[in-house]
Student: 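Below: one structure in C-alpha cells.
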Amino acid sequence: ALVALLSDRSYEVRKGAVLGRGHLGDPRAVGPLIRAVEDPSPSVLNAAAWALQQVTKEDFGATRDLPLFRKDQPDLEAVRNRVRSWSARR
C-alpha cells in the first residue's frame with residue numbers, strides 16, 4: 001500500500017503515507033522511504049527523511065514538519081545527501 005501511495009499525484013497523500021510509516025517504525029519501509037527522499041516535493045522529501053530517522057534511529061537533519069518560516073527550515077539538499085550517503089553504506 002505504501003508504494004502505491006508514494007505514486008499518488010497529491011503531495012499531501014505521499015507525505016501522509018511516509019509520515020504514517022515513520023510513526024509505525026516498520027523497518028520494511030526503509031527502501032520505499034529512501035526512494036521517497038527523491039520526491040520533488042520538499043514536504044515529502046523532509047517527511048520521508050524524518051520517517052527514516054524514526055525507523056533507523058539515524059539523524060538526517062529532518063524535522064517532522066517543515067517549519068513555517070524558511071529561516072527555520074532544514075537544508076533539504078543536505079538532508080537528501082545524508083540519506084543518500086547512509087543508503088550507499090548500508
Side-chain angles (χ1 to χ4, degrees):
L2 172 63
V3 174
L5 292 174
L6 292 177
S7 299
D8 196 276
R9 290 180 47 186
S10 167
Y11 83 90
E12 290 104 343
V13 170
R14 297 190 311 271
K15 178 183 174 185
V18 296
L19 288 175
R21 286 300 169 172
H23 286 294
L24 290 174
D26 183 356
R28 294 174 296 176
V30 168
L33 290 173
I34 290 170
R35 289 188 294 281
V37 168
E38 302 300 330
D39 195 281
S41 165
S43 293
V44 176
L45 179 170
N46 182 71
W50 177 85
L52 277 169
Q53 289 176 169
Q54 304 313 299
V55 173
T56 66
K57 307 304 181 211
E58 295 285 329
D59 182 7
F60 300 115
T63 56
R64 186 185 178 297
D65 291 303
L66 285 178
L68 182 59
F69 299 105
R70 192 170 293 282
K71 69 178 181 63
D72 298 325
Q73 291 182 1
D75 177 347
L76 294 179
E77 194 56 38
V79 168
R80 181 180 277 146
N81 286 335
R82 284 187 206 102
V83 171
R84 287 174 177 162
S85 176
W86 175 84
S87 176
R89 291 190 315 266
R90 63 179 209 109

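All residue numbers refer to positions in the sequence shown, counting from 1.
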Student: Quick check: do Val30 and Arg90 have side-chain heavy atoms less than 4.5 Å from each other?
Tutor: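 Of all side-chain heavy-atom pairs linking Arg90 with Val30, at least one is under 4.5 Å.
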Student: For the CG atom of Leu52 and the CH2 atom of Trp86, what is their distance to the nearest 0.5 Å?
Tutor: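 Reported to 0.5 Å precision, the distance equals 6.0 Å.
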Student: Supply the members, apart from Leu24, of the Ile/Leu/Val/Met/Phe/Trp/Tyr cluster built from side-chain contacts under 4.5 Å; use none for a lone residue.
Tutor: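 In the cluster with Leu24 there is nothing else; it is isolated.
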Student: Taking side chain to side chain contact (heavy atoms under 4.5 Å, CB included) as the definition, give me every residue that meets it alongside Ala62, ordered by chain and number, with sequence neighbours left out.
Tutor: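 For Ala62 the side chain to side chain contact (heavy atoms under 4.5 Å, CB included) partners, ignoring immediate neighbours, are Asn46, Ala49, Trp50, Gln53, Val79.
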Student: How close do Leu6 and Pro32 get, heavy atom to heavy atom, and via which atoms?
Tutor: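 Minimum heavy-atom separation between Leu6 and Pro32: CD1-O, 3.6 Å.
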Student: If a pair satisfies salt bridge (Lys or Arg N to Asp or Glu O under 4.0 Å) and one of its residues is in residues 53-62, list it, with sequence neighbours excluded.
Tutor: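 Listed once each, the pairs would be none.
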Student: Give me the atom names and distance for the closest heavy-atom approach of Ala47 to Lys15.
Tutor: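 Shortest heavy-atom separation between Ala47 and Lys15 comes out as CB-CG, 3.8 Å.
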Student: So, using side chain to side chain contact (heavy atoms under 4.5 Å, CB included) as the criterion, who are the partners of Ala51 when residues are at least two apart?
Tutor: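 Expected list: Leu33.
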Student: Under the rule for side chain to side chain contact (heavy atoms under 4.5 Å, CB included), what residues qualify as partners of Ser7, not counting sequence neighbours?
Tutor: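 Partners of Ser7 by the side chain to side chain contact (heavy atoms under 4.5 Å, CB included) criterion come out as none, since no residue qualifies.
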Student: Could you go step by step and tell me if Phe60 and Val37 meet the side-chain contact (heavy atoms from CB on, under 4.5 Å) rule?
Tutor: CA-CA 11 Å; Phe60 300 115; Val37 168; over 6 Å; no
Student: How about CZ on Arg28, more than 12 heavy atoms from neighbouring residues, nucleotides or ligands closer than 6.0 Å, or not?
Tutor: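 No, CZ of Arg28 has 12 or fewer neighbouring heavy atoms, counting only those of other groups under 6.0 Å.
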Student: Count I, L, V, M, F, W, Y as connected when their side-chain heavy atoms are under 4.5 Å apart, and connections chain through other members. Are Val18 and Val83 then in the same cluster?
Tutor: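 Val18 clusters together with Val83.
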Student: Can you tell me how far the CG atom of Asp75 sits from the CZ atom of Arg82, to the nearest 0.5 Å?
Tutor: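 Reported value, rounded in 0.5 Å steps: 7.0 Å.
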Student: Write down the atom of Ala48, the atom of Ala36, and the distance for their closest heavy-atom approach.
Tutor: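 Heavy atoms of Ala48 and Ala36 come nearest at CB-CB, 3.6 Å.
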Student: Report yes if some heavy atom in the side chain of Val55 is under 4.5 Å from a heavy atom in the side chain of Asp26; otherwise report no.
Tutor: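 Counting from C-beta outward, Val55 and Asp26 never come under 4.5 Å.
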Student: Of all heavy-atom pairs between Tyr11 and Val44, which one has the smallest distance, and what is that distance?
Tutor: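 Taking every non-hydrogen atom into account, O-CG2, 3.5 Å.
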Student: Enumerate the residue pairs fulfilling salt bridge (Lys or Arg N to Asp or Glu O under 4.0 Å) with a member in residues 31-49, sequence neighbours excluded, ordered by first and then second residue.
Tutor: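 For residues 31-49, and leaving out neighbouring residues, the salt bridge (Lys or Arg N to Asp or Glu O under 4.0 Å) pairs sorted by first residue read Arg14-Asp39, Glu38-Arg80, Glu38-Arg84.
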